[in-house]
Amino acid sequence: MAHIVLDTCAGRDGGREALEAAAIASLQLDHQITVVGDESEITAALQKIAHDAERLRVAHARDRCDVDLDPREILARSPRNSVAVGLEIVARDPSAVLVSANQPGLIVFAAQQTLGRLAQVQRAALAAVYPTLRPHGPASDPFALLLDVGATVQCDAGDLVDFAAMGAAYAAKISRIDRPRVALLSNGTGVAGAPSRVREAHRRLLGGPPGFEYVGCLRADHVTTGDADVIVTDGFTGDVLLRTLEGVAATGENLIRRAAEKLQWRLGVQMLEGGIQTIREFTDWENYGGAPLLGVDRAVIVAQANSGRRAFLNAIRLGAKIDRLQVIGAVGEGVAALRDHLRAKPTDEEAAP
Amino acid sequence: MSDDQQPEPPQALQQRRFIHLRWDLDKTYLRTEFDTLKDLIATFRQKAEDKVAVAGASALLRALLDPRERTHRRVTFISGSPRQMRKVLTRKLQLDGVEPDMFILKPNLENLLRGRFRAIRGQVGYKLKALLLSHMAAEHVDEYLFGDDAEQDAFIYSVYADILAGRLDAVSLAAILTTCKVYRHDVDEIMAYHRQLFASGEVVRRIFIHLERRSPLDRFTPYGGRVVAIYNYFQGAIVLFEIGALEPRGLLAVIESMESQGYTPERLANSLQDLMRRGVMHYSTVQKLSQELAAAETTMGRPVSRFLHSFEDVVSALENIQRPGPRWETEINYLGLYHEARFRRQQHRFLGIRLLD
């Protein structure tokens, strides 16, 4: 039984939908759920919602955080905010998973302050899933993993290598892929024109890493083909890429709506409604739950700021799965194995006479 | 009516007061499914050995009917199950070590033969009549009623309590019975009981509603603090412990019984926190409970420290909450509540039951 710690101070409708998701989860899933936020507001809201109080607990967070501020400033001004209180609970309980739609910068910063890092991991990475044309693994998982999408904006080659190991270990557990195919995001299929950190990471990963298959560099236009199960990049580029993919999906949706302006087009859209709905479901980010923060020694899931009930419920399910499959431990082992492998294999400088 | 005119919740009971427990059976004491015809038939054919009590219910009842207190305690079961099930239900209670003083079952075959089809499903007329009929006219009697959220138990029990308390006069009661479409013959009988028992006293101390369907708590707010919605019988036991109707050893027996049925310390701690947040239980009770549990560990060798740790955890998560208890309503709008519930049932029938409403 997993312990899900849910931040109810963020998400759609001021966090109300997060609380509703917790109430539904308490009725439908066999997990311990702790909701974090203003206790009196939560208790008042719970009066009106069907829930199972046997599985639901409230942790009071007396401070509200101003999301427009810098994470350091938020923690200084409101030390008992919902993220900080939630992380304290997670730090105490190894089976606990934090789910929050609060400011990603705050969650990442506070997590790195409060929680321990996985051995040998320098920086954390946020891993997001996105749909691809080719399914992945024995369960035909339609999603590939992209990391980092915003936790570490500036990375060096070592960080990218760690991200590759973490992403591969995560995909191996969650999507049940024996040897995940890992690629580095680059501006070409080769590394000639790539920045030095990508070139160096590429060189290190070429040495036959344990636990996954390195398939080289991948251009952004091949990201959705499904040629790789895990795509590794720095937090800045990953965030830009993810937002671009979401923007394209939103534009497609708008175009369909605009097509309804003409009668003939509207009829056409009506005829294709079934297919459009399937694509909509496939590309709807609420179905993915949230992005796990990898690199810390506890499970933390960062949900989108405008997450609704469905997104939170899927994030809760994802959190429970991460706990059940012991994913965080596997991620730590994956990084350690790659580090050992790289240490055993002499670098070019050491090999040179 | 202003707050200072509200009747005070009953104080801790004096020793040796007579306690009359009234229990519903299906979904309150027994885990019963009768939402479909198939369930109904399966329930009817079930043997006593196959029937399962709700976790903690039999332990709580046994604790309340402790042989040391038995001379001053009485239990009446009032169930909507047909009279033909008396043998199997009595056997089930016997297996659980519970001996009812009175066991009232519904004359469904008679209702069917006499063409009183409304009475087969309807509960208001039948239960209210049974409650008034089995009321024990004794001095210093306190009643604790147990029902569930699957039917109209909170409504019926509150009407009964208000008749005894003298807050529901004959005109209002007649209006309620007419609205609830109670048969003429039953109305006459209930009105006759009303004449006898009206204003007998503030006898009903608490009405416990087992949230078998996990209904939202605000459904029971209009009934005031007398109605306590509970998710499990650990919560019921705590409330009874707080008001002095249950001994610490009884509470411990309920905890142990629930633990043996799969309840973890976390689930019980969550239940305790829920009562605290609702203002039903106070911090002083948690302290008293902790002392009693710690004493049980040292004197009786019961391993209860994990419960203590969990209880401390949930209390500390609230950061010294001080919440006033729910108000004790003196004027309940029964007709409004009846129509509201009816509207909700119709909405569910046509639109399906929504999780969030």
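Lettering follows sequence order; numbering is per chain, from 1. These figures come from a predicted structure and were not determined experimentally.
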Just do the side chain to side chain contact (heavy atoms under 4.5 Å, CB included) check on Ser40(A) and Arg323(B) with the steps written out, would you?
CA-CA 9 Å; Ser40(A) 55; Arg323(B) 181 131 316 142; 3.6 Å; yes
Exercise: identify the closest heavy-atom pair between [X] and [Y]:
X	Y	value
Val58(A)	Leu318(B)	O-CD2, 4.0 Å
Asn270(B)	Leu56(A)	CB-O, 3.6 Å
Pro216(B)	Ala50(A)	CG-N, 3.8 Å

Less than 4.5 Å to any heavy atom of chain A: does that hold for the side chain of [X], its backbone, both, or neither?
X	answer
Tyr263(B)	side chain
Ser316(B)	neither
Gln273(B)	side chain

Among Asn232(B), Asp274(B), Asp313(B), single out the residue with the greatest number of heavy-atom pairs under 4.5 Å to chain A.
Asn232(B)
Are there more than 12 heavy atoms of other residues, nucleotides or ligands under 6.0 Å from atom CZ of Arg80(A)?
yes
Is the shortest heavy-atom distance from the side chain of Arg277(B) to the side chain of Glu39(A) under 4.5 Å?
yes
Can you find a heavy atom in the side chain of Arg57(A) that is under 4.5 Å from one in the side chain of Glu266(B)?
yes
Rounded to the nearest 0.5 Å, what's the gap from [atom1] on [X] to [atom2] on [Y]? Could you check?
X	Y	atom1	atom2	answer
Leu27(A)	Arg214(B)	CG	CZ	8.0 Å
Arg219(B)	Gln47(A)	CZ	CD	12.5 Å
Arg278(B)	Leu46(A)	CZ	CG	10.5 Å

Output, in order, the C-alpha distance, side-chain angles, deciding distance and verdict of side chain to side chain contact (heavy atoms under 4.5 Å, CB included) for Tyr231(B) and His51(A).
CA-CA 10 Å; Tyr231(B) 288 89; His51(A) 67 280; 3.2 Å; yes
Note: Lys48(A)-Asp218(B) ion pair, threshold 4.0 Å (strictly below)
no
Listed by chain and number, what are the side-chain hydrogen bond (donor to acceptor under 3.5 Å, both in side chains) partners of Asn314(A), not counting sequence neighbours?
Arg317(A)
Using heavy-atom distances under 4.5 Å, tell me whether Glu54(A) contacts chain B through its side chain, its backbone, both, or neither.
both
